[in-house]
Amino acid sequence: MASLIYNSCIDDLARNNIDFDTNTFKAMLVTSSYTPNKDTHDKRDDVTNEVTGTGYTAGGATSTVTVTKDTANDKVTIQFGAVTWGSSTVTARGCVYYKSRGGASSADELVAYNDFGSDVSSSGGTFAVAASTITLQN
């Protein structure tokens with residue numbers, strides 16, 4: 001499976017339901033059993049097979065977002081900052097980024113899925129996800 005942007009995110013952007021400058025975003029780890037569906041998955045409660053393990057908190061960790069407009073190249077980049085889980089023992093295949101409203105998972109809007117390409121594990125150490133970038137090009 002390749003990385004993707006959920007179609008609902010594009011719709012949410014067009015309707016001003018997502019503001020990358022002011023909203024809180026989280027990165028949630030998932031196992032290889034999760035099959036993302038960019039057409040039908042729109043809220044966090046659609047995401048199955050979140051990882052469990054020592055040092056990992058359900059719902060993931062907050063990721064700082066930076067938006068950069070590049071008028072010379074007619075594009076906008078949205079970068080989700082790196083996240084880490086220290087002293088963790090987990091195995092993940094990917095990371096789901098979502099807008100966190102701080103309540104029910106049925107209210108949290110999905111943004112993107114980052115496939116690691118294979119399972120990645122930590123055993124009593126730091127599990128790190130590098131920064132991820134979305135580019136919107138005109």
Task: Trp85 versus Ser88, closest heavy-atom pair with distance - done: O-OG, 3.1 Å
Task: side-chain contact (heavy atoms from CB on, under 4.5 Å) evaluation trace for Leu4 with Lys38 - done: CA-CA 7 Å; Leu4 57 85; Lys38 68 187 282 180; 3.8 Å; yes
Task: Within the 6.0 Å centroid threshold, strictly below: Phe20 and Phe25 - done: yes
- [ ] Taking all heavy atoms of Val51 and all of Thr91, pick out the closest pair and write down the distance.
- [x] CG1-O, 3.1 Å
- [ ] Decide side-chain hydrogen bond (donor to acceptor under 3.5 Å, both in side chains) for Ser8 and Asp11; before the verdict, give the C-alpha distance in whole Å, the side-chain angles of both, and the deciding distance to 0.1 Å.
- [x] CA-CA 5 Å; Ser8 60; Asp11 185 60; over 6 Å; no
- [ ] Kindly state whether the ring of Tyr34 and the ring of His41 have centres lying under 6.0 angstrom apart.
- [x] yes
Task: Derivation of the side-chain contact (heavy atoms from CB on, under 4.5 Å) call for Tyr113 and Cys95 - done: CA-CA 6 Å; Tyr113 169 71; Cys95 179; over 6 Å; no
- [ ] Give the intermediate values and the outcome of side-chain contact (heavy atoms from CB on, under 4.5 Å) for residues Val111 and Ile18.
- [x] CA-CA 9 Å; Val111 175; Ile18 289 182; 4.2 Å; yes
Per-pair distances, 0.1 Å, donor-acceptor, side chain in residues 123-138, under 3.5 Å, sequence neighbours excluded:
residue : atom : partner : partner atom : Å
Ser132  : OG   : Tyr97   : OH           : 3.0
Ser132  : OG   : Asn114  : ND2          : 3.0
Gln137  : NE2  : Asn73   : O            : 2.7

- [ ] Measure the OG-CG distance between Ser3 and Asp115 for me, rounded to the nearest 0.5 Å.
- [x] 5.5 Å
TODO: Output the distance between atom SG (Cys9) and atom CG (Asn17), rounded to the nearest 0.5 Å.
DONE: 10.5 Å
Open item on the list: Rounded to the nearest 0.5 Å, what separates atom OG in Ser63 from atom CE in Met28?
Closed with: 13.0 Å
Open item on the list: Under the rule for side-chain hydrogen bond (donor to acceptor under 3.5 Å, both in side chains), what residues qualify as partners of Thr40, not counting sequence neighbours?
Closed with: Asn37
Open item on the list: As an exercise, state the distance from OG1 of Thr24 to NZ of Lys99, rounded to the nearest 0.5 Å.
Closed with: 9.5 Å
Open item on the list: Quick one, Asp42 with Tyr6, criterion side-chain contact (heavy atoms from CB on, under 4.5 Å). Give me CA distance, side-chain angles, the key distance, then yes/no.
Closed with: CA-CA 7 Å; Asp42 60 352; Tyr6 295 98; over 6 Å; no
Open item on the list: When you measure from the side chain of Thr84 to the backbone of Gly86, do you find a donor-acceptor pair of N or O atoms at a distance under 3.5 Å?
Closed with: no
Open item on the list: Quick test of your reading: applying salt bridge (Lys or Arg N to Asp or Glu O under 4.0 Å), list the pairs with at least one residue in residues 43-52, sequence neighbours left out, ordered by first then second residue.
Closed with: Arg44-Asp108
Open item on the list: How long is the straight-line distance from CZ of Arg101 back to OG of Ser106, given to the nearest 0.5 Å?
Closed with: 10.5 Å
TODO: Supply the atom-to-atom distance Thr35 OG1 to Asn49 CG, rounded to the nearest 0.5 angstrom.
DONE: 8.0 Å
